[in-house]
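Remarks on the structure that follows.
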Amino acid sequence: MDTTQLSGRELALQLASNELSSGNFYQTLARRVGLRTVSQDPEHSDTLRDYLT
């Protein structure tokens, strides 16, 4: 689909739909849920950074 003619809302909906249908959303979710994070603990800053990227 050519996304150059879509409004902001239409583009957001199309991109969300693409993420779901491609499986990318579920892969990202599984990766993030599988990471142990303690956001206030400086010793875990690398793990938190990995979670957010």
Side-chain angles (χ1 to χ4, degrees):
M1 172 181 232
D2 181 15
T3 59
T4 59
Q5 300 298 317
L6 298 178
S7 70
R9 180 179 184 275
E10 291 169 328
L11 179 59
L13 290 171
Q14 184 62 47
L15 292 173
S17 177
N18 290 349
E19 281 295 299
L20 289 170
S21 63
S22 71
N24 286 338
F25 173 79
Y26 297 108
Q27 290 173 356
T28 300
L29 181 62
R31 180 180 60 81
R32 289 183 177 172
V33 169
L35 292 173
R36 182 180 181 277
T37 60
V38 182
S39 63
Q40 300 300 318
D41 185 347
E43 292 181 21
H44 296 283
S45 62
D46 290 339
T47 303
L48 180 60
R49 191 174 303 107
D50 289 342
Y51 172 83
L52 296 172
T53 57

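- To the nearest 0.5 Å, the span separating CD on Gln5 from CG on Leu11 amounts to 11.5 Å.
- Contacts of Asp41 classified as side chain to side chain contact (heavy atoms under 4.5 Å, CB included), with partners at least two apart in sequence or in another chain: Val38, Glu43, His44.
- Scanning both residues, Asp50 and Arg31, for their nearest heavy atoms gives O-NH1, 3.1 Å.
- Rounding to the nearest 0.5 Å places CG of Asn24 at 11.5 Å from CG of Leu15.
- With sequence neighbours excluded, the residues that form a side chain to side chain contact (heavy atoms under 4.5 Å, CB included) with Leu29 are Phe25, Val33.
- In this structure, Arg32 and Leu52 approach most closely via the heavy-atom pair NH2-O, 4.0 Å.
- Sorted by first and then second residue, the salt bridge (Lys or Arg N to Asp or Glu O under 4.0 Å) pairs with a member in residues 8-23 form an empty list; sequence neighbours excluded.
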